Every structure is written in structure tokens, then in C-alpha cells.
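Just so you know, these numbers come straight off a predicted model, no measurement behind them.
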Amino acid sequence: EVIDSRLFKRNPGPSLAEAIGLLNGVRAQNLCGVCGTNDIRINGMDGPYTLVLIDGMPIVSGLGTVYGFNGIPQSLIERVEVVKGPGAALYGSEAMGGIINIITRNPALAPRVAVDASTTSWLEHNVDLGLTVRKGRVSNLLGVNAYSFQELIDRNPVTDPAPGFGDGFTDAPLTRRISVFNKVA
């Protein structure tokens, strides 16, 4: 299956994991409520069995789904190719569940400036910025993703007889993240 950049525009989200989770048989799962790391399961297999590639090159083996998806600026992505099932095992044991290949834009063809910003009702703020600089035969594509969620939300009921909500532990991790990617062609 191929996801192009139009899906990201129609369904904006703070991370690539959420966009990929829209595919049938692919599920984004939050692994840690404290640090906010993600896991991508393809056809029910755990994240370490999903091989993540950027432009055909593997990233950080089984940890690619945990750390790789949280900060890839969507302004850099041209398309995402997803191969599900055991046929992907040709790429090795890390691809038993499937492969996610993130194809980035060609710096020579990318727009000079691309900005995408969003805020949710829970006050999650996300900004994607893509800049292209061309000098002679060299093109440089810089992508920056900034994400912030600092709203303490504690909405689960207290188990003691006193009325009210809150157990003193936030229901969503407080996060600030800036990711920078660069591609030269």
C-alpha cells in the first residue's frame, strides 16, 4: 500500500504513527504512558518485527518504530510504502510483520517553504517546517518538527469515597520535542 502526502493533509496529526495507523492491518500503539513512545504493529506482530526504512535505508533496527515515528516532519515526506505480511521477511528477521518505507521529497523538486501547524482541543501543538535551499547543483532539504503538549490532564475517577477526579498522575505524557532532518542531493 502507498500513502501519499495528500493523506497527511486530509488527516493531520502530531506524528507519522497516527497517519500510518489509518491503514487496514496497521495499528499504532502507545507503549509508555510516561514517555509517550509508540509502537507500530502490522498484522498483530510486535513493533520489533516491523522494519522501518527511510529512502530504503533501515533506521535503528527494532527501535525504529519506538523512536523514529515521533519526530519525522511530515513536510519532508513524499509517500510511505507499506508491505504487510511474511513476504517482507526477505529483508530479514526484523521484517517478519512488514516493512514501512518512508520516501522523502527530492530536494531539487521540493517547494522552497512548507509549513503545517495544528492545535488540538487537548492543547497539543504541532508545527512542521520544510525549507529547501538550492545552490548550484546542490539542493538541501531541511525539515523541522516541533511538538508540545504541556496540559496536565487527570480525568480518571478517584477510588476513594470523596467526590471528584484525579489520582495525581497525568493521563497523557507531558512532551516537548524538536526534531531536525536534513537531506542533500
Hydrophobic cluster membership, Leu109 vs Val115, 4.5 Å side-chain cutoff: no
Flag, side chain of Thr119 to backbone of Leu123, donor-acceptor distance under 3.5 Å: no
Side-chain heavy atoms of Asn140 within contact of Asn182, under 4.5 Å: yes
Separation between CG of Asp46 and CE of Met96, rounded to the nearest 0.5 Å: 12.5 Å
Inter-residue atom distance Met45.CE - Asn43.CG, 0.5 Å rounding: 9.0 Å
4.5 Å side-chain heavy-atom contact, Thr104 and Glu78: no
Separation of Glu151 CD from His125 NE2 (nearest 0.5 Å): 8.0 Å
pair Leu53-Ile99: side-chain heavy atoms closer than 4.5 Å: yes
Residue that, paired with Asn145, satisfies side chain to side chain contact (heavy atoms under 4.5 Å, CB included) out of Asp116, Val127, Ile178, Asn126: Asn126
Shared-cluster residues of Val184, by chain and number - hydrophobic side chains joined below 4.5 Å: Val138
Validation row: Arg112, Arg134 side chains within 4.5 angstrom (heavy atoms): yes
Heavy-atom check, side chain of Ile100 versus side chain of Ile40, under 4.5 Å: yes
Shortest non-hydrogen contact from Phe149 toward Trp122: CE1-O, 3.0 Å
Check: Ile102 and Val52 side chains under 4.5 Å, non-hydrogen atoms: yes
Closest non-hydrogen atom pair between Leu141 and Ala110, with its separation: CD1-CB, 4.1 Å
Shortest non-hydrogen contact from Ser139 toward Ala108: OG-CA, 3.6 Å
Reported CG-to-CZ distance for the pair Asn101 and Arg79, which is rounded to 0.5 angstrom: 8.0 Å
Heavy-atom pair of closest approach, residues Ser148 and Arg176: OG-CG, 4.0 Å
Glu1 side chain near Ile3 side chain, heavy-atom distance below 4.5 Å: no
Close side-chain approach of Thr175 to Tyr147, heavy-atom, < 4.5 Å: yes
Shortest non-hydrogen separation from Ile42 to Gly85 and the atoms involved: CG2-N, 4.5 Å
Rounded distance (nearest 0.5 Å) linking atom CG of Leu131 with atom CG of Leu142: 5.5 Å
Check against side-chain contact (heavy atoms from CB on, under 4.5 Å), Ile103 and Asp55: CA-CA 5 Å; Ile103 308 295; Asp55 292 328; 4.0 Å; yes
Full working for side-chain contact (heavy atoms from CB on, under 4.5 Å) between Val26 and Lys84: CA-CA 8 Å; Val26 180; Lys84 301 179 213 169; 4.1 Å; yes
